[in-house]
Amino acid sequence: MAHLNSSLLIFLSLSLLQLFHSAIGRGGERDSGIVDKSYAASRRHLTEEKHFQKLNILARGYMTNSDLEKAIKAFHGRCSRISRIYSIGKSVFGVPLWAIEISNKPGKEEAKPAFKFIGNVHGDEPVGRELLLHLANWLCDNYMKDPLATLIVDNVHLHILPSMNPDGFSLRRRGNANNIDLNRDFPDQFFQMNDDLTERQPETKAIMSWIKKMRFTASASLHGGALVANYPWDGTQDKSKSYYACPDDEAFRYMAKLYSGSHYNMSSSQEFEAGITNGAHWYPIYGGMQDWNYIYGGCFELTLEISDDKWPPANELQMIWQFNKRSMLDLVASVVKSGVHGRIFSSDCGEALPASIAIKGINYTVKASERLADYHRLLAPGHQYEVMATMPGYKIRSTTIKMGEEAMTLDFILEPTDSFLPHQCYNRSSMKVLEVMSNPHSQVALTLILVLAFLYFLMKRRVIFNHFRGRKSIVQRRVSAV
Ligand SMILES: *[C@@H]1O[C@H](CO)[C@@H](O)[C@H](O)[C@H]1NC(C)=O
Ligand SMILES: *[C@@H]1O[C@H](CO)[C@@H](O)[C@H](O)[C@H]1NC(C)=O
Ligand SMILES: *[C@@H]1O[C@H](CO)[C@@H](O)[C@H](O)[C@H]1NC(C)=O
Ligand SMILES: [Zn+2]
């Protein structure tokens with residue numbers, strides 16, 4: 001009997017270890033209900049200790065948190081012309097959450113889309129943080145040499161947070177220092193479990209205010225434990241495990257397929273058709289980062305599971321980077337190579353209007369930026385869309401576009417609802433004109449602008465017009481005139 005008990009204990013410890021090790025990235029930590037809790041509790045300490053030691057051995061060759069900080073600073077030192085580094089906040093233990101921005105105008109607000117990558121959301125999923133440093137360095141080394149690197153640096157503000165959970169990493173565990181799963185710590189659309197702000201973890205708070213401030217067009221977080229590109233929704237209203245499509249299901253499937261299709265072998269998955277999955281169809285989670293990004297951040301986020309093995313031997317990291325390189329680049333580039341983009345102006349003063357862009361039949365609104373009024377709306381190719389610009393005090397404008405394989409530029413000019421009332425123009429626009437006039441090289445441009453403005457008045461101020469903003473880039477962009 002005693003013999004039986006001790007072998008049972010060994011068996012339980014081993015299976016617990018196994019459970020820890022193979023816990024799926026996005027979810028995991030699910031109670032199997034099979035393990036006897038009292039046995040498990042009495043062995044937990046020992047098991048965790050063993051687990052920690054086992055992971056410490058596996059972590060050989062991976063960057064420590066201080067190695068990571070050094071790597072980020074070294075990157076910036078090497079590549080300061082097209083990057084900046086900044087911290088978005090601190091972990092529970094006070095480790096800065098370092099982010100890298102890569103752009104030809106880092107830190108400057110421009111009418112360009114922004115993309116973010118977040119790695120190491122779960123402390124025991126370290127592959128992403130390694131790959132993100134590879135990505136940053138590759139872009140630095142290939143800017144002005146490789147067309148995709150150049151396209152990204154010139155047209156996107158790419159923000160990279162290699163580790164969202166440095167404390168969990170150093171503890172070799174999933175949760176943060178308070179043992180909270182950060183991918184369950186966001187407000188949830190169906191259940192109010194995380195609505196107490198004071199309870200939210202510092203890492204989560206830092207991400208939330210970052211998202212609100214930066215206005216990302218799209219993003220991805222990197223996880224380990226599976227090989228699949230996961231897209232919203234992550235949760236269902238009735239908690240059932242079933243496909244739960246968000247309003248932009250088509251655009252998300254397009255993005256997820258773009259990732260899996262460019263990956264070395266993600267799309268040949270046996271478990272997931274085409275290497276992609278709807279989150280709730282796989283298994284529902286609540287309080288995740290992905291859905292929150294889409295609902296409250298205006299940001300199309302994927303959750304990428306990039307390695308079946310959470311801790312592959314460090315000498316395989318270079319290979320895993322090669323497997324994911326093209327996917328990562330293609331996903332970032334998709335925010336300029338697909339979708340509809342433009343700016344919104346008023347017809348009377350020409351000032352930028354922070355209007356909203358809606359698509360008929362899709363219950364989701366994208367807001368133009370406050371200052372530059374640029375918008376970036378991802379859409380699946382191959383369909384016709386009716387695009388509408390709305391702004392209180394202005395008449396709605398809408399036009400139908402046919403989305404092909406390339407991006408479109410579509411600017412809107414909105415007419416005030418009541419154009420007879422004297423309208424106070426913002427000073428922003430008059431400053432713009434002054435800037436132009438003070439520049440001697442702009443005389444010709446100014447004359448041209450005046451002529452165009454006159455023609456425009458003749459055409460009555462009713463047309464929505466699209467103009468190509470003369471981006472000197474290699475982005476192929478179809479510009480339609482309606
Ligand atoms: C992808 O390739 C890796 C490395 O060869 C292999 O371990 C993995 O099982 C493959 N996965 C699929 C889905 O083919
Ligand atoms: C649109 O989405 C909002 C939530 O974002 C929801 O409250 C509303 O009922 C939806 N409308 C339709 C017509 O589905
Ligand atoms: C806008 O410009 C007018 C005149 O040019 C000036 O009187 C007014 O104070 C300015 N408003 C702001 C907010 O700067
Ligand atoms: Zn994970």
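Counting convention: from 1, in listed order, for ligands and their atoms alike.
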K.L.:
Find all atoms of ligand 1 within a distance of less than 4.0 Å from any non-hydrogen atom belonging to Y264, and give their numbers and elements.
P.N.:
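Ligand 1 atoms under the 4.0 Å threshold to Y264: 2 (O).
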
K.L.:
If you define the side chain from C-beta out and look only at heavy atoms, does anything of Q201 sit under 4.5 Å from K205?
P.N.:
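A side-chain contact is absent here, since even the closest heavy-atom pair is not under 4.5 Å.
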
K.L.:
Once rounded to 10 degrees, what value does the angle at the Zn ion (ligand 4) take between OE2 (E125) and ND1 (H122)?
P.N.:
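About 90° at the Zn ion (ligand 4).
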
K.L.:
Taking NE2 in H281 as the centre, count heavy atoms belonging to other residues, nucleotides or ligands within less than 6.0 Å. Is the count above 12?
P.N.:
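Not more than 12 within 6.0 Å, no.
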
K.L.:
For ligand 1 and Q270, I'd like to know whether there is a polar contact (N/O to N/O, distance under 3.5 Å).
P.N.:
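No.
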
K.L.:
Quick one: does R200's side chain get under 4.5 Å of M208's, heavy atoms only?
P.N.:
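A side-chain contact exists here, since the closest heavy-atom pair is under 4.5 Å.
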
K.L.:
What residues form a disulfide (SG to SG under 2.5 Å) with C79, not counting sequence neighbours?
P.N.:
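Disulfide (SG to SG under 2.5 Å) check on C79 returns C140.
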
K.L.:
Within ligand 1, which atoms have a heavy atom of S268 less than 4.0 Å away?
P.N.:
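Result: 14 (O).
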
K.L.:
The Zn ion (ligand 4) is nearest to which N, O or S atom of H223?
P.N.:
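It is ND1 of H223.
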
K.L.:
Sequence neighbours left out, what pairs pass salt bridge (charged side-chain N to carboxylate O under 4.0 Å, His left out) with at least one residue falling in residues 315-333?
P.N.:
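Qualifying pairs, neighbours excluded: R326-D330.
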
K.L.:
Is the shortest side-chain heavy-atom distance between F216 and E301 below 4.5 Å?
P.N.:
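The answer is no; the side chains never approach within 4.5 Å.
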
K.L.:
Under 6.0 Å between the ring centres of F300 and Y294?
P.N.:
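Ring-ring flag for F300/Y294: true, centres closer than 6.0 Å.
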
K.L.:
Between ligand 2 and the protein, give all atom pairs where both partners are nitrogen or oxygen and the distance is under 3.5 Å, as lines of names plus distance to 0.1 Å.
P.N.:
{"from": "ligand 2", "atom 1": "2 (O)", "to": "N363", "atom 2": "ND2", "distance (Å)": "2.3"}
{"from": "ligand 2", "atom 1": "11 (N)", "to": "N363", "atom 2": "ND2", "distance (Å)": "2.7"}
{"from": "ligand 2", "atom 1": "14 (O)", "to": "N363", "atom 2": "ND2", "distance (Å)": "3.3"}

K.L.:
Could you note down all residue pairs passing salt bridge (charged side-chain N to carboxylate O under 4.0 Å, His left out) where residues 246-268 supplies at least one of them, sequence neighbours left out?
P.N.:
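For residues 246-268: D248-R377.
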
K.L.:
Is the Zn ion (ligand 4) less than 2.8 Å from at least one N/O/S atom of E305?
P.N.:
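It does not; every qualifying atom lies at 2.8 Å or beyond.
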
K.L.:
For residues V127 and L317, determine if any side-chain heavy atom of one lies less than 4.5 Å from a side-chain heavy atom of the other.
P.N.:
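Answer yes - side chains close enough.
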
